[in-house]
Amino acid sequence: MLRDLLANLPGDLQRGMRADPRALMTGKLAALAVSAPIIIGLALFTPAGVLGGVAVGAIIQLGLGWAIAGRDMRINR
């Protein structure tokens, strides 16, 4: 799955930006599950602090959410 996601990342990002609400919600929830531990880890264990952790986590969540939504659109629809 990860290999497929990385191989098709640019197309999935474009597809994810035009995704229907169901695929977008799937992507955003999956990305939240990944980005939340990253935000907490950056806030607690690095000098970036809370604002740095939230900034990095938001970028990860947006990109990964669109990519997962695009993959969902490509495979299931």
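Every heavy atom of this structure was used, including side-chain atoms; hydrogens, water molecules and symmetry mates were not.
Nearest approach of G57 to S35, heavy atoms of both residues: O-CB, 3.7 Å. Scanning all heavy atoms of the two residues, the minimum distance from L13 to A67 falls at CD2-N, 3.8 Å. Of all non-hydrogen atoms in A19 and A69, the two that sit nearest each other are CB-CB, 4.1 Å.
Applying the 6.0 Å contact sphere to CE of M17 captures more than 12 heavy atoms from other residues, nucleotides or ligands. Other residues, nucleotides and ligands contribute only 12 or fewer heavy atoms inside 6.0 Å of the CG atom of L51.
For N8 (side chain) and D4 (main-chain N/O), a donor-acceptor pair under 3.5 Å exists by modelled atom type. With hydrogens and angles ignored, the 3.5 Å screen pairs a side-chain donor or acceptor of D20 with a backbone N or O of A23.
Here CZ of R71 is found 12.0 Å from OG1 of T26. Values are rounded to the nearest 0.5 Å. From M73, atom CE reaches atom CG of L24 across 10.0 Å, with rounding to the nearest 0.5 Å. I59 CD1 to Q61 CD: the interatomic distance, rounded to the nearest 0.5 Å, is 11.5 Å.
Side-chain contact check for I39 versus V56: every heavy-atom pair is 4.5 Å or farther apart. Between I68 and K28, every side-chain heavy-atom pair lies at or beyond the 4.5 Å cut-off. By the 4.5 Å heavy-atom criterion applied to side chains, R15 and W66 are not counted as neighbours.
One hydrophobic cluster holds both I60 and L42 under the rule that ILVMFWY side chains link at heavy-atom gaps under 4.5 Å.
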